[in-house]
Structures are given as structure tokens and as C-alpha cells.
Protein chains: 2
Amino acid sequence: MNRDRGGPGLHGVPGGATQTPSRPEQLLFLTDEQLRQGIELLFFAYRDFTSDPDAVLAERGYGRAHHRAIHFIKRRPGITVAGLLDILGVTKQSLNRVLRQLIEDDLVVQTTGQADRRQRHLNLTPKGEELERSLSAPQRERLRRAFSEAGPDAVAGFRKVLERMIDEGGRDAVLSLVGREGR
Amino acid sequence: MNRDRGGPGLHGVPGGATQTPSRPEQLLFLTDEQLRQGIELLFFAYRDFTSDPDAVLAERGYGRAHHRAIHFIKRRPGITVAGLLDILGVTKQSLNRVLRQLIEDDLVVQTTGQADRRQRHLNLTPKGEELERSLSAPQRERLRRAFSEAGPDAVAGFRKVLERMIDEGGRDAVLSLVGREGR
DNA sequence: AACAATCAGTCAATAAGGCTGACGTAAACT
DNA sequence: AGTTTACGTCAGCCTTATTGACTGATTGTT
């Protein structure tokens with residue numbers, strides 16, 4: 001099983017609108033050591049974070065690729081194949097293999113687009129919804145716990161930093177995809 | 001001995017010393033939607049975050065496995081092979097191939113342990129140090145920027161949440177590895 | 001001294017999940 | 001009519017990870 005992820009993907013247009021900084025860009029003293037700690041904290045937190053659904057996935061013989069596809073189909077019901085490709089940042093061939101399995105296993109359905117009949121709109125079946133929940137449940141639980149323990153101010157800071165870690169080019173596109181109600 | 005996939009790694013003793021919560025465990029109202037946003041934010045931020053060194057790595061024909069090894073050898077100079085195995089959570093066989101290359105390319109040196117001569121202590125050569133810097137530089141720069149823009153309170157919250165996302169079992173061990181000076 | 005356990009390194013086989021290139025088909029745009 | 005777009009698929013390759021089995025050196029234990 002492959003544990004790598006990531007990749008370029010989602011490179012949008014640079015048109016960057018800065019998000020009204022709450023304080024006047026106060027320059028921080030940040031030592032390399034502090035930054036290295038941040039890097040490692042991210043590494044470990046993310047590693048444990050992704051280990052949750054991996055267990056569920058393994059039982060079914062799926063991998064992370066399936067998880068990502070299911071996640072974003074859940075999030076954007078009716079998304080087209082090309083749209084999913086953009087978000088995931090993988091090749092058509094890679095996605096296709098995964099998609100084929102999910103459709104075969106009755107977790108995802110395709111419907112031909114009405115406006116543009118070349119497109120295939122993707123949706124989860126009830127069975128797919130169920131798997132999605134069982135994948136995200138442990139992650140949500142982990143976050144819920146961490147957020148609760150850390151408190152609302154910490155959560156706000158957490159989001160703020162993560163948002164600013166995203167490539168400036170695609171940031172607005174990503175953030176509008178993710179949704180910003182929590183802010 | 002082989003370890004299983006997605007391994008939690010770094011399992012320490014549960015002896016959990018709670019980190020003096022700054023407020024009395026105030027229960028937060030967290031909707032599934034908010035939590036899903038957190039999940040996605042993590043996904044995108046981490047994806048972009050890891051894309052930085054990937055570019056450098058690709059030029060040299062290395063992968064993420066090399067990066068992780070180099071990172072932790074830099075962080076824990078003189079670490080043994082078994083120690084590195086524990087941190088990375090991969091199998092000996094996987095690490096060995098990577099290590100062999102790094103040694104061959106004169107980025108890492110092995111020295112036989114003095115106390116226990118079965119052990120091999122790993123260190124970066126000057127050349128290895130150089131690669132490590134060029135790998136971590138863009139990540140540090142990204143974090144520096146994000147931290148500066150978000151402000152010190154947000155950074156504190158960021159760390160706080162990440163720490164609490166780490167598996168409780170190994171948390172103390174991980175945090176003492178990472179270091180906590182920044183708090 | 002003999003034996004067992006540990007640390008490191010290796011070989012062979014297998015698998016997941018990425019990649020590129022090439023091609024085909026249907027539908028839409030010009 | 002011709003070009004472009006959206007999707008699907010075949011074939012082949014690579015990297016990283018897996019398990020199992022084994023060797024060699026060293027250390028610890030009886």
C-alpha cells in the first residue's frame with residue numbers, strides 16, 4: 001500500500017485577493033528551529049490523521065485514492081470527471097481505474113450530463129454515502145476532540161494558518177470550494 | 001521484524017500528562033460541516049506544503065522516502081537505523097534501499113556504534129546537509145510567511161490543535177522529539 | 001562456552017498507485 | 001466540415017511499499 005499523496009494540482013490563476021489581515025502584518029521573529037518544529041508537527045499530526053481511514057479502507061481492499069475520490073464526490077455531488085481530476089491533481093488514467101472499481105462496487109453512479117452530454121456527473125449511492133461516513137467519522141472525531149481541547153481561539157488560529165499555507169495562486173478557488181462559514 | 005502498514009509508530013507509554021488547558025475544557029459546538037472543512041483545509045494545505053520539496057527531490061531522482069530519512073537524520077544526528085525505522089513507521093526493507101542510495105551518493109554516513117557495535121549511527125555529510133537545507137527551505141519559507149500573516153496567536157492555536165491531533169499514545173514521545181520550546 | 005536475542009543488511013516476489021503515450025468515441029463549438 | 005472537449009481505455013513503466021526468508025556480527029544470558 002502506498003502512503004504517499006499530494007502532487008501539484010489545482011493551479012489556478014494568480015489573481016490574489018488578500019484576506020484583510022486582522023493585524024497590520026506584524027513581522028514575527030521566527031527561528032529556523034521553530035519552523036522546523038512546525039514542519040514536524042505537521043508531519044506527525046497528518047500521519048496519525050490519515051491513519052484513521054486507512055484502517056477502514058484496508059478492510060475493503062481500497063486505498064487512499066478511493067478515499068479521496070469518495071470524499072470529493074460527497075463534497076461536490078454531481079461533479080464531473082474533469083472536475084474531480086482538477087481537484088485531485090492526478091491523471092485521467094489513474095482516476096479512471098479507481099472510479100471503475102467504485103462504480104462496479106455500487107458506491108458511485110454516473111449520470112450523463114443534461115446540458116453537456118459528454119460529461120458524466122458523479123454521485124454517491126446510499127452504499128457510497130455509508131462508506132464515506134465510516135471513513136470520515138474517525139477523522140471528524142479526532143478533529144472534534146482536538147478542537148474541543150484546544151478551544152475556539154486555537155481553532156480559529158489553526159484555520160488561519162492552514163489557509164495561508166495554501167498556494168496563493170489557487171487559494172481563493174480552494175477556499176471557496178472548502179467553504180468559509182466557520183470564519 | 002516487519003511492521004504493518006499505516007503503522008502508528010512511536011508508541012510510548014500512555015502516561016498522559018495533560019497540558020494545562022488554558023480554559024476549562026469548554027465544550028464546543030462543532031457541526032459536521034465545520035469538521036469537514038477542517039479535513040479539507042488540512043488536505044489542501046498539506047498537499048501544497050509537500051509539493052515544495054517534491055520539486056527539488058524530482059531533480060535528483062529522489063522521492064519522499066529520501067526526504068523523510070534526510071529530515072530525521074538531520075534532526076537526530078547519530079540516530080540508529082532502528083530508531084529511524086520507528087520514527088518513519090516503514091519496514092526495514094523499504095528504508096534500506098533509500099539509505100543505500102543516500103550513502104552511495106555521499107549524503108549520509110554510517111558509523112559503527114561504540115557502545116554497541118551492531119548499531120550503525122547515521123549522520124549527514126556536508127553534501128547531505130546542503131540537500132536538507134534546499135529541501136526544507138521552501139517549506140520553512142511557506143510556514144514563515146503563513147505564520148507571519150496569521151499572527152502569533154494564530155500560530156499558538158495552530159500548534160495547539162496539531163499537538164492534540166497526534167495519537168494520544170505516542171503524543172508525549174512525539175512532542176518531546178519535536179521539542180516544545182516554542183510554547 | 002553455548003545459546004538466544006538483537007541490529008543490520010539483503011534477496012526475491014508481489015502489489016498499489018502513480019505516470020506517459022497513444023487511440024477511440026461521442027458531443028459540442030466554430 | 002473541421003476542431004476541440006470530455007471521457008474511457010490499452011499498454012507499459014516506475015517508485016514505494018509490502019511480506020517472508022535468510023545471513024552475519026555482536027551482545028546478553030544461562
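Note that these values count all heavy atoms, side chains included, but never hydrogens, waters or copies made by symmetry. In what follows, chains are A, B, ... by sequence order, proteins preceding strands, each numbered from 1.
Contacts of residues 70-85 of chain A with DNA chain D (heavy atom under 4.0 Å): A:T80, A:V81, A:A82. Residues of residues 94-112 of chain B having a heavy atom closer than 4.0 Å to DNA chain D, listed by number: B:S94, B:R97.
Salt bridge status for B:E33 with A:R140: absent, with no side-chain N to carboxylate O gap under 4.0 Å. Salt-bridge check for B:R36 with A:E132: passed, with a basic side-chain N closer than 4.0 Å to an acidic carboxylate O.
In this structure, B:K92 places its NZ atom 17 Å from P of D:dA17, rounding to the nearest Å.
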Under 4.0 Å protein heavy-atom contacts per nucleotide of nucleotides 25-30 of chain D, with B for base, S for backbone only and - for none: BBS---
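Residues that satisfy the side chain to side chain contact (heavy atoms under 4.5 Å, CB included) test with A:R120, not counting sequence neighbours, are A:V81, A:Q110, A:T112.
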Within the sub-3.5 Å range, which N or O atoms of nucleotides 2-4 of chain C have a protein N or O partner, and how far apart are they?
none

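The backbone N or O of A:R145 lies less than 3.5 Å from no partner atom in the side chain of A:S148, so there is not a single donor-acceptor pair.
Between the axis at the start and the axis at the end of the helix from C:dA1-D:dT30 to C:dT30-D:dA1 there is an angle of 20°, using five pairs per end and rounding to 10 degrees.
Residue-level contact check: A:H121 touches neither bases nor backbone, having no heavy atom under 4.0 Å from any strand.
For B:Q119, the listed nucleotide lying nearest its side chain is C:dA8; candidates were D:dC10, D:dC7, C:dA8.
Between A:F72 and B:F43, the ring center distance clears the sub-6.0 Å criterion.
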